[in-house]
Amino acid sequence: MRLWAEEALLPDGWAKDVAIGVEAGRITEVTPGAPPLGPRHAMLLPAPANAHSHAFQRAMAGLTERRGPDPADSFWTWRRLMFRFLEAITPEQIEAITAFVQMEMAEAGFGASVEFHYLHHRPDGAPYDDLAETSARVAAAAATSGLGLTLLPVAYQFGGLDRRALAPGQRRFGNDAERFARLHEGAGAALGPLPEDARLGVALHSLRAVAAEDLAPLAALSSGPVHMHLAEQVAEVEEVEAALGARPVGWALENLPLSPDWCLIHCTQMTPEETEALAQTGAVAGLCPLTEASLGDGIFDGVRWLGAGGALAIGSDSNIRISLAEELRQLETSQRLRDRSRAALATAERSTGRRLFEAAVAGGARAAGRGESGLRVGATADLLALDMRHPDLQGLSGDTVLDSFIFAGGTDMVADLWSAGRHIVTGGRHVGREGITAAYREAVAGLRAKA
Ligand code: ZN
């Protein structure tokens with residue numbers, strides 16, 4: 001396959017009249033100043049991976065915005081609905097919802113998806129006949145959507161740092177280390193039918209849910225990316241400090257083999273010293289700005305993190321809204337609101353939009369284990385074409401296009417998307433939209449009837 005674009009964002013900057021060759025999911029040629037040949041596009045960009053998703057939570061979007069009877073407990077409706085869903089959701093529904101989420105990610109401009117998958121067992125906590133049944137459903141969803149998948153089976157052992165048993169709402173998540181190793185192997189086998197760019201990593205749910213002594217051995221189960229929720233909320237920081245004698249990031253720095261293969265999700269509760277020290281490990285900060293805002297987690301210190309050379313990736317987490325542009329916008333505007341500034345994450349050389357976008361491309365590829373990123377020979381062909389006829393993009397070029405995509409527009413500017421060379425969005429719509437949406441409607445109808 002050969003694509004041609006009037007303008008494209010290459011690793012060393014903007015280029016005109018660019019021909020891009022793609023074979024077997026990888027970029028084989030990048031030639032600026034080439035004559036138009038093959039399909040023509042106005043603007044080609046590398047498509048960032050979505051680094052963090054719990055797909056099934058998409059079905060809860062918009063349903064948890066009321067307070068419960070206890071005025072101090074603002075999570076009440078969220079937790080109540082989550083537990084109702086967990087009592088009811090079937091493997092078929094998980095598959096349908098996940099395919100819908102992946103379709104929406106592709107339409108939003110994400111080139112791959114990292115699924116942090118912890119819903120493993122039957123509603124009563126007993127394993128399915130196939131221990132990796134629900135992992136296989138996530139893989140089947142990726143076969144339907146065509147979006148590149150990095151599957152992270154999640155290790156989850158306890159209901160809290162005191163190692164209490166799992167609560168009824170957590171029974172579907174739990175495995176001891178031995179059974180988790182078998183489940184992880186089964187999840188790897190479930191990826192077999194997917195194209196070559198599918199990846200298996202591993203996730204440790206959090207310091208609250210996995211025994212401290214098991215974290216490093218479980219991480220070593222995978223040669224792919226290792227993800228963990230870290231330092232999301234104040235209550236979690238206090239609980240970790242009381243149990244482990246250090247704040248979460250401080251403890252992780254001392255006790256875990258952090259490296260560029262690690263992706264730490266949220267990191268909204270860090271001191272300036274923790275921010276700088278964690279950035280220097282090379283670990284990716286997996287940020288989910290829309291979910292962090294929705295849950296009131298706090299504001300990640302992006303200014304200090306990027307200033308210290310930190311890598312970041314963007315995820316849609318609870319999937320209350322799936323939008324690459326809105327995630328990046330929320331990340332930037334939260335810095336502005338906190339610091340009463342403008343263009344908080346811009347540099348002298350790069351506009352806000354370009355710096356955010358390039359950071360999400362590079363960090364997303366690392367977090368997803370997709371190898372080299374960007375429009376360069378050898379990189380996975382995750383590509384995004386913008387609709388330059390959109391009124392807010394018309395006549396623009398260079399960094400301003402990304403600023404306009406992030407701050408003025410969004411998903412409606414996405415024209416085409418290729419995931420490892422698979423052309424799954426054309427004219428702004430996923431090629432399987434009708435069937436995927438019909439299956440999703442059926443799944444949520446069943447769930448909402450029970451919720
Ligand atoms: Zn999460």
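Each residue takes its place number in the sequence, starting with 1. Whatever order the structure lists them in is the order used to number ligands and atoms, beginning at 1.
- D317 contributes OD1 as its N, O or S atom closest to the Zn ion (ligand 1).
- The minimum distance between the Zn ion (ligand 1) and any N, O or S atom of H52 involves atom NE2.
- In this structure, the ring of H205 has its center no less than 6.0 angstrom from the ring center of H117.
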Report, one line per pair, each donor and acceptor closer than 3.5 Å where one atom sits in a side chain of residues 57-65; sequence neighbours left out.
{"residue": "Q57", "atom": "NE2", "partner": "Y118", "partner atom": "OH", "Å": "2.8"}
{"residue": "R58", "atom": "NE", "partner": "E104", "partner atom": "OE1", "Å": "2.7"}
{"residue": "R58", "atom": "NH2", "partner": "E104", "partner atom": "OE1", "Å": "3.4"}
{"residue": "R58", "atom": "NH2", "partner": "E104", "partner atom": "OE2", "Å": "3.2"}

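- Within the 2.8 Å limit, C288 places no N, O or S atom next to the Zn ion (ligand 1).
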Please list, one pair per line, the donor and acceptor atoms closer than 3.5 Å that link side chains of residues 184-193 to other protein atoms, with sequence neighbours excluded.
{"residue": "H184", "atom": "NE2", "partner": "G201", "partner atom": "O", "Å": "2.8"}

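- Each of L306, I299, T352 was compared with Q335 under the side-chain contact (heavy atoms from CB on, under 4.5 Å) criterion, and only I299 meets it.
- Among the atoms of H266, none of the N, O or S atoms falls under 2.8 Å from the Zn ion (ligand 1).
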